[in-house]
Amino acid sequence: MPHSQAKFYKGVCIMLTKKQSGNMAEETASRYLTSKSYKILERNYFARGGEIDIIAQDNDVLVFVEVKHRVTDFQGYGFQAVTKAKQHKICNAAKKYLFDKNLSWDRYMRFDVIDVFEGEITHYEGAFMLT
C-alpha cells in the first residue's frame with residue numbers, strides 16, 4: 001500500500017497518498033507564484049531522467065521550481081532534500097525544456113525551491129545554479 005498521510009479538511013481526518021499530498025503542495029505553490037505575478041508555463045514537465053514541478057515566468061526570468069512537501073520537520077527543511085544529484089536531474093530537464101521549446105540558452109534563468117510545511121510556504125529563490 002502506498003505511504004499515506006493524514007490531513008484534516010473541515011474538521012474531518014482524511015488519508016492522502018504521498019502522490020496526492022505532493023499534488024496538493026504543487027497546487028499550493030502554483031497559487032502562491034501566481035499571487036506573486038508569476039506566469040505558470042508548465043507543471044510536471046518530464047524529461048528522461050528528471051522532472052520539473054513548475055516552470056514559470058517571473059518578468060524576464062525563466063524559473064524552474066522544485067516543490068518539497070513535508071509532513072514533519074523531523075527530516076529538516078525541504079530545500080535540504082534537493083541533493084546535488086536531484087539538482088543535476090532538474091538541470092538536465094531544464095536543458096531539455098529549453099531545447100524542446102527552442103529557447104535561447106543565454107536568457108535569464110533561476111532554480112527555486114518552494115517548501116510547503118503545515119500550510120506555510122517558504123520560497124528559496126536561486127536555491128541552486130545550472131550544472
Side-chain angles (χ1 to χ4, degrees):
M1 179 173 172
H3 179 71
S4 59
Q5 301 169 15
K7 297 286 180 191
F8 286 89
Y9 177 74
K10 295 186 179 181
V12 176
C13 181
I14 57 174
M15 298 299 286
L16 299 175
T17 66
K18 187 174 181 179
K19 175 84 172 140
Q20 290 169 323
S21 184
N23 288 343
M24 286 179 64
E26 288 175 14
E27 181 60 33
T28 299
S30 291
R31 284 193 314 267
Y32 165 81
L33 291 171
T34 301
S35 77
K36 298 291 184 186
S37 299
Y38 287 58
K39 179 181 178 190
I40 305 300
L41 303 175
E42 303 257 356
R43 287 191 47 192
N44 299 310
Y45 175 82
F46 286 94
R48 174 176 263 168
E51 177 202 357
I52 301 171
D53 294 327
I54 300 170
I55 301 172
Q57 190 77 34
D58 178 21
N59 295 313
D60 63 341
V61 180
L62 186 61
V63 184
F64 300 96
V65 182
E66 174 69 7
V67 178
K68 301 311 284 180
H69 175 251
R70 297 172 299 124
V71 179
T72 70
D73 59 0
F74 176 74
Q75 295 176 321
Y77 299 104
F79 76 89
Q80 293 171 319
V82 185
T83 63
K84 291 288 184 194
K86 179 68 173 176
Q87 291 174 23
H88 185 71
K89 289 179 180 183
I90 294 168
C91 288
N92 283 342
K95 291 173 188 174
K96 178 77 166 92
Y97 178 81
L98 291 173
F99 179 80
D100 286 350
K101 301 296 181 179
N102 199 29
L103 297 173
S104 171
W105 288 80
D106 62 353
R107 68 183 303 126
Y108 293 112
M109 291 181 279
R110 193 174 73 222
F111 293 86
D112 293 1
V113 175
I114 292 182
D115 188 10
V116 180
F117 175 61
E118 293 185 347
E120 296 291 321
I121 296 170
T122 306
H123 185 183
Y124 301 93
E125 292 186 12
F128 56 95
M129 304 295 288
L130 181 66
T131 58

What heavy-atom pair brings [X] and [Y] nearest, and what distance separates the two atoms?
X	Y	result
A93	G50	CB-C, 4.0 Å
K89	G49	CG-O, 3.2 Å
A29	V67	CB-CG2, 3.7 Å
G126	D112	N-OD1, 2.8 Å
M129	F111	C-CD1, 4.3 Å
R110	V61	CB-CG1, 3.9 Å

Report yes if the side chains of [X] and [Y] come closer than 4.5 Å at any heavy-atom pair, otherwise no.
X	Y	value
E42	I52	no
R43	E27	yes
L62	Q57	yes
L33	K36	no
K95	L130	yes
I90	F128	yes
L98	W105	yes

(request) Using modelled atom types only, decide if a donor and an acceptor are shared between the side chain of D53 and the backbone of N44 within a distance under 3.5 Å. (result)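 Judged by distance alone, no pair lies under 3.5 Å.
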(message) Taking I54's backbone N and O only, do any of them form a donor-acceptor pair with E26's side chain (distance below 3.5 Å, no angle check)?
(response) no
From [X] atom [atom1] to [Y] atom [atom2], the distance as rounded to the nearest 0.5 Å:
X	Y	atom1	atom2	result
H88	N92	NE2	CG	4.0 Å
T83	K86	OG1	NZ	8.0 Å
Q87	E66	CD	CD	10.0 Å

(request) Please lay out, stage by stage, how F117 and T122 fare under the test side chain to side chain contact (heavy atoms under 4.5 Å, CB included). (result) CA-CA 8 Å; F117 175 61; T122 306; over 6 Å; no
(request) Evaluate whether atom CZ of R48 has more than 12 neighbouring non-hydrogen atoms of other residues, nucleotides or ligands under 6.0 angstrom away. (result)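 It does not: R48 CZ has 12 such atoms or fewer within range.
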(request) May I have the step-by-step check of side chain to side chain contact (heavy atoms under 4.5 Å, CB included) for R31 and T34, ending in yes or no? (result) CA-CA 5 Å; R31 284 193 314 267; T34 301; 5.6 Å; no
(request) Flag yes if M109 and L41 sit in one hydrophobic cluster, no otherwise; membership is Ile, Leu, Val, Met, Phe, Trp, Tyr, and two members link when side-chain heavy atoms are under 4.5 Å apart. (result) yes
(message) Please verify the inter-ring angle class for Y45 with Y97; under 30° counts as parallel, over 60° as perpendicular, anything in between as tilted.
(response)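 Y45 vs Y97 ring planes: perpendicular.
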